[in-house]
2 protein chains.
Amino acid sequence: MGVTKSEKFTDAQNQVARMAKALAHPARIAIIEYLFSIDSCVCGDIVNEIGLAQPTISQHLKELKTVGLIKGSVEGTSVCYCIDHQNWLLMKNLLSPILNLDAATLNKCC
Amino acid sequence: MGVTKSEKFTDAQNQVARMAKALAHPARIAIIEYLFSIDSCVCGDIVNEIGLAQPTISQHLKELKTVGLIKGSVEGTSVCYCIDHQNWLLMKNLLSPILNLDAATLNKCC
DNA sequence: ATTTTTTATTGTAAATTTGCGATGAATAAA
DNA sequence: TTTATTCATCGCAAATTTACAATAAAAAAT
């Protein structure tokens with residue numbers, strides 16, 4: 001099928017999975033790291049920075065934009081992308097509870 | 001294609017993406033949350049807990065086991081699964097630097 | 001020895017993902 | 001106005017993911 005049965009899970013579980021999915025490709029990790037390293041809007045450079053074809057990068061940027069982790073604004077012929085700091089924080093607050101689940105456990109087994 | 005060009009990225013980027021991918025499905029999030037909530041090995045119950053068919057759950061468990069986040073030990077006819085706390089920590093240490101990138105930025109733009 | 005229980009595996013179908021060439025759209029430069 | 005430049009979109013191919021029925025495997029219970 002390739003289709004996820006979202007209705008079987010809670011909103012929170014679906015949201016966590018959705019965000020994890022956005023981070024589930026090295027090119028998107030590379031893009032995010034680059035945007036943070038620049039710490040300002042980037043016009044152009046992204047395609048040169050990552051070693052993939054322009055349409056492929058454009059697609060990855062679109063996915064990141066769709067989940068809200070980055071935002072882009074048109075600047076002449078080019079488009080400036082940057083981290084959406086507000087949504088980044090929301091994503092962190094969504095994932096952190098999962099990552100820190102082990103801190104709340106007593107490690108009884110295994 | 002559907003094939004990721006891993007060789008274009010650093011080991012760290014590929015590892016982060018690999019872990020994020022393991023978390024990129026609500027069923028796997030649900031399984032992990034359940035295993036933490038039990039905080040001990042679980043034999044059987046998982047299929048009843050998540051509303052998906054047994055082969056589907058088995059497949060998700062396999063994926064989580066492959067990346068090392070859980071481990072299973074045969075116990076008679078059943079198999080006991082639990083969180084691999086050591087690898088869970090490794091995963092956390094892999095993802096946290098990415099999630100916390102915003103803490104190191106000056107938020108110059110947007 | 002046979003049946004039951006539990007989990008893994010196989011096979012299959014459909015959707016999704018990844019990647020890129022070709023092309024389009026929109027603005028800047030000449 | 002014509003020609004770059006930059007990015008998005010379309011269309012395609014191939015791989016991967018998700019889901020499950022059917023079946024196998026392995027141990028327990030009868």
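Computed from a predicted model, the values in this text were never measured in an experiment. So that the names make sense, note that chain A is the first sequence line, chain B the second, and so on, each numbered from 1.
Cluster membership check: B:Val67 shares its hydrophobic cluster with B:Leu99, using side-chain heavy-atom separations under 4.5 Å among Ile, Leu, Val, Met, Phe, Trp and Tyr.
The 5' end of DNA chain D is approached more closely, in terms of each residue's nearest nucleotide, by A:Lys65 than by the other of A:Lys65 and A:Lys5. Residue whose closest nucleotide on DNA chain D sits further toward the 5' end, between A:Phe9 and A:Leu61: A:Leu61.
Taking the side chain to side chain contact (heavy atoms under 4.5 Å, CB included) definition, one finds that A:Leu94 meets it with A:Gln15, A:Val16, A:Met19, sequence neighbours left out. By the side chain to side chain donor-acceptor pair (under 3.5 Å) test, A:Glu63 is found to be paired with A:Arg28, residues two or more places apart in sequence or in another chain being considered. Taking the side chain to side chain contact (heavy atoms under 4.5 Å, CB included) definition, one finds that B:Glu49 meets it with B:Tyr34, sequence neighbours left out. Residues passing the side chain to side chain donor-acceptor pair (under 3.5 Å) test with A:Thr4, sequence neighbours excluded: B:His25. When the side chain to side chain donor-acceptor pair (under 3.5 Å) test is applied to A:Gln13, the partners found at least two apart in sequence or on another chain are A:Thr10, B:Glu33.
When rounded to the nearest whole Å, the span between CD of B:Glu63 and C1' of C:dT7 equals 17 Å. Taking atom CG on A:Asn14 and atom P on D:dT18, their separation rounds to 13 Å, with Å as the unit. If you take CD1 of A:Ile50 and P of D:dC7, they are 14 Å apart, rounded to a whole angstrom. With rounding to whole Å, B:Ile46 atom CD1 is found 14 Å from C:dA8 atom C1'. Between the CG atom of B:Leu52 and the P atom of D:dT17 there is a distance of 17 Å, given to the nearest Å.
Residue A:Ile46 holds its CD1 atom at 10.0 Å from OG of A:Ser58, rounded to the nearest 0.5 Å. Taken to the nearest 0.5 Å, the OG1 atom of B:Thr66 stands 6.5 Å off from the NZ atom of B:Lys62. Summarising the geometry, atom OH belonging to A:Tyr81 is positioned 5.0 Å from atom CG belonging to A:Leu61; distances are rounded to the nearest 0.5 Å. The distance from atom CD1 of B:Ile57 to atom CD1 of B:Ile31, rounded to the nearest 0.5 Å, is 5.0 Å.
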Return the polar atom pairs (N/O with N/O) between nucleotides 1-4 of chain C and the protein under 3.5 Å, or none.
none

All N/O pairs under 3.5 Å across the protein-nucleotides 25-29 of chain C interface:
none

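Checking C:dA15, C:dT6, D:dA15 against every side-chain atom of B:Ser78, the shortest atom distance belongs to C:dT6.
The salt bridge (Lys or Arg N to Asp or Glu O under 4.0 Å) analysis of residues 14-24 of chain B, with sequence neighbours excluded, yields no pairs. For residues 2-14 of chain A, no residue pair satisfies the salt bridge (Lys or Arg N to Asp or Glu O under 4.0 Å) rule, not counting sequence neighbours. Identified under the salt bridge (Lys or Arg N to Asp or Glu O under 4.0 Å) test for residues 84-94 of chain B, with sequence neighbours left out: A:Asp102-B:Lys92.
Contacts between residues 53-60 of chain A and DNA chain D, counted as heavy-atom distances below 4.0 Å, involve A:Gln54, A:Pro55, A:Ser58. Near DNA chain D, meaning a heavy atom under 4.0 Å away, the residues from residues 17-27 of chain B are B:Lys21, B:His25.
Phosphate proximity of C:dT6 to B:Tyr81: absent, as no side-chain N or O sits under 4.0 Å from OP1 or OP2.
Contact of the A:Leu69 side chain with the A:Trp88 side chain is registered, since non-hydrogen atoms from C-beta on lie closer than 4.5 Å.
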